[in-house]
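Contents: one structure, followed by commentary.
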Amino acid sequence: MLEVQLIRSDKDRILERLKKRNLSADELKLLDEVLEADDRRRRLQTELDEMKAERNTLSGQIGELFRQGKREEAEQLKSRVGELKAKLSEGEDALRKVVDRREHLLLQIPNVPHESVPAGSAESDNELYRAWEGRLPGLPDGALPHWELGEKYGILDMELGTKLTGSGFPVFRGMGARLERALISFFLDEARKAGYEEIIPPLLVNEDTARATGQLPDKEGQMYQAERDNLYLIPTAEVPITNIYRNAILDASDFPVKLAGYTPCFRREAGSYGAEVRGLNRVHQFDKVEIVQLVHPDHSYEALEGMLTHVAGLLQQLELPYRILRLCGGDLGFTAALTFDFEVYSAAQQRWLEVSSVSNFETYQSNRMKLRFRDGKSTRLVHTLNGSALALARIVAALLENNQTPDGIVIPKAIRHLTGFDIIS
RNA sequence: GGAGGAGUGCCAGAGUGGUCGAAUGGGCCGCACUCGAAAUGCGGUGUACUGGCGACGGUACCGGGGGUUCGAAUCCCUCCUCCUCCGCCA
């Protein structure tokens, strides 16, 4: 959620930046509507506060009069307070309405893109931030896509998942399951080495939690809901992990807070069918290690750089060809100010697969979350960041495809100590 | 799931209708004493919204929400959480 003070003080710049998101004229008008609602809110607030102050004074006097036994005078004052109360409850209704309206409007405004975000409306407008310098792996004729490799080696069974649950729920077996587990361990080990505290959070979250990181109301349709208990299955560990610090005031000395967590992620994503989403390309459940940082606003872009370096290091160790994109305004998530996507080349499909998204949310999440830090005598909102490090499903897809040989699938050296085998055959 | 008890500031803990944003103790910060430290003494120590250039004010918050009352931390309703006992259980 944008900070209203910023809209008030810096509207033109915000407007300019929001245009990169290709917002409609109506959407851009939201800024003015928010300011209008906020002005009204403040006026009402002041009026109400004054009435309440008067009521409080009168009530004090009434008490005093009763103590002195001056009943009649007290009764007179009571009737005055009675009038006041009628006006007060009217005003309170009005205030509630305008507060709700302000909130409602604010929730519809996406984060302000960072100055470096390119304008654009689609994926094709994303900026190639770091291209892959090396040669892309070519595969011999007869190379298989990962879903066929999975079947061939008995390590990944999509149909079984369909039987057990529905389409898009992969089942890993044998060496496939062990590979999955090894990758999770590898990513967690690397995160720890990079100074992240490991977290195992709940996989179900309540409404407040889902709202604070922006899944509600923006992406309600993306989450599976346990309706009976009003809980949501997490679409990413970002949700519970960032919310650890919801409604908190950090000390400046706490910075940077670095957290990492492995969780399965659940996404409804009413997807299409076809080659684009076959196998592990897009699934309803996948494993992911997420890294989260809470930092001082002055250092959030350094932190973002650091996260990019971390993710790049993982991909290098796995010997996967990757490139980094800077998302354009149109592709940028609702809550992010700047996002870099990592894509890995999947040789048999001959396409790039998104395996990580690293974002700085600046104060957008912390404002919703009331996550602040002590800055001298006052408090300020923290900057929050997160990134996948990494999302497993597509990494496995790329590993299977890129590393296939006539003898089997070769495991990257960096994780052999964790898999316990060098090749899947 | 059943029965009972409890939720107050950074922590412990008092407060059962008015003068309570809240005693007291601890912690923390500042000052004094000291060569320095400990001990001691004195002072300070919440958040949000809001008015004001500022000095300084106002309002709200004692688990969440609602109600009674001129007035609620205190009474009522409801939800949540925790504790104890019973049941069930990996």
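In the text below, chain A, chain B and the rest are named by the order of the sequence lines, each starting its count at 1.
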May I ask you to say what R41(A) touches in the nucleic acid, namely base, sugar-phosphate or nothing, with a heavy-atom cut-off under 4.0 Å? sugar-phosphate
What is the distance, rounded to the nearest whole Å, between atom NZ of K85(A) and atom C1' of rG67(B)? 11 Å
Please give the nucleotide sitting opposite rA55(B) as a Watson-Crick or G-U wobble pair, both distances under 3.5 Å, or none. none
Given the P atoms of rC80(B) and rG64(B), what is the spacing between them in whole Å? 15 Å
Of Q5(A) and K52(A), the one whose nearest nucleotide on RNA chain B sits closer to the 5' end is Q5(A)
Residue matched to rU19(B) through Watson-Crick or wobble contacts both under 3.5 angstrom: none
In whole angstrom, give the distance that lies between atom CD1 of I249(A) and atom C1' of rC61(B). 13 Å
Short side-chain N/O contact from K377(A) to OP1 or OP2 of rU45(B), under 4.0 Å: no
Result for 5'-nearest mapping on RNA chain B, choosing between I62(A) and R43(A), is R43(A)
Out of rG18(B), rG66(B), rU69(B), which has the shortest distance to the side chain of R96(A)? rG66(B)
Among side-chain atoms of E73(A) and Q68(A), is any donor-acceptor pair under 3.5 angstrom? no
Looking only at side-chain N and O atoms, does N56(A) come under 4.0 Å of OP1 or OP2 in rG71(B)? no
Can you tell me how far P in rU69(B) sits from the matching atom in rU74(B), rounded to whole Å? 16 Å
Tell me the interatomic distance from L88(A), atom CG, to rC70(B), atom P, rounded to whole angstroms. 14 Å
Contact class for L48(A) (heavy atom, under 4.0 Å): base, sugar-phosphate, or nothing? nothing
Quick note, D49(A) side chain, CB onward, closest among rG46(B), rG66(B), rU59(B) is rU59(B)
Rounded distance in Å between the P positions of rU45(B) and rA22(B): 10 Å
Applying the Watson-Crick and G-U wobble criteria at under 3.5 Å, what pairs with rU74(B)? Answer none if nothing qualifies. none
D208(A) has an atom CG; how far is it from atom P of rG63(B), in whole Å? 18 Å
Using purine N1 to pyrimidine N3 plus N6-O4 or O6-N4 for Watson-Crick, or N1-O2 and O6-N3 for G-U wobble, both under 3.5 Å, which nucleotide pairs with rA90(B)? none
Under 4.0 Å between a side-chain nitrogen and a carboxylate oxygen: does that hold for R42(A) and D39(A)? yes
Using the C1' atom as the reference point in each nucleotide, state the distance between rC33(B) and rA60(B) in Å, no decimals. 43 Å
E207(A)/R211(A) ion pair, N-O < 4.0 Å: yes
For R267(A), run the side chain to side chain contact (heavy atoms under 4.5 Å, CB included) check against Q222(A), Q285(A), K219(A) and tell me which one passes. Q222(A)
Would you call D287(A) and R181(A) a salt bridge, taking side-chain N to carboxylate O under 4.0 Å as the test? no
Given rU59(B), rG18(B), rC49(B), the nucleotide with the shortest approach to the side chain of A53(A): rU59(B)
rU47(B) pairs with, by Watson-Crick or G-U criteria that keep both distances under 3.5 Å: rA60(B)
In Watson-Crick or G-U wobble terms, with both distances under 3.5 Å, the base opposite rG7(B) is rC80(B)
Is R372(A) near enough to rA48(B) that one of its side-chain N or O atoms lies under 4.0 angstrom from OP1 or OP2? yes
How many Å lie between CE on M51(A) and P on rG58(B), as a whole number? 18 Å
Can you tell me if S79(A) uses its side chain to pair, donor with acceptor, with the backbone of Q76(A) under 3.5 Å? yes
May I ask you to say what T379(A) touches in the nucleic acid, namely base, sugar-phosphate or nothing, with a heavy-atom cut-off under 4.0 Å? sugar-phosphate
Look only at the side chain of E148(A) and the backbone of P145(A), and say whether a donor-acceptor pair between them is shorter than 3.5 Å. no
Can you check the distance between rA6(B) and rA12(B), where both ends of the measurement are the C1' atom (answer in whole Å)? 16 Å
For atom CD of E75(A) and atom C1' of rC70(B), their distance in whole Å: 9 Å
Phosphate OP1/OP2 of rC70(B): any R80(A) side-chain N/O under 4.0 Å: no
Please give the distance between the C1' atoms of rG44(B) and rG9(B) as a whole number of Å. 15 Å
Can R41(A) and D38(A) be counted as an ion pair, charged N to O under 4.0 angstrom? yes
Distance check, C1' atoms only: rA72(B) and rG65(B), in whole angstrom units. 16 Å
What distance, rounded to whole Å, do you find between the two P atoms, one in rG63(B) and one in rC10(B)? 13 Å
OP1, OP2 of rA60(B) versus side-chain N and O of R55(A): anything below 4.0 Å? yes
Applying the 3.5 Å cut-off to both distances, the Watson-Crick or G-U partner of rA39(B) turns out to be none
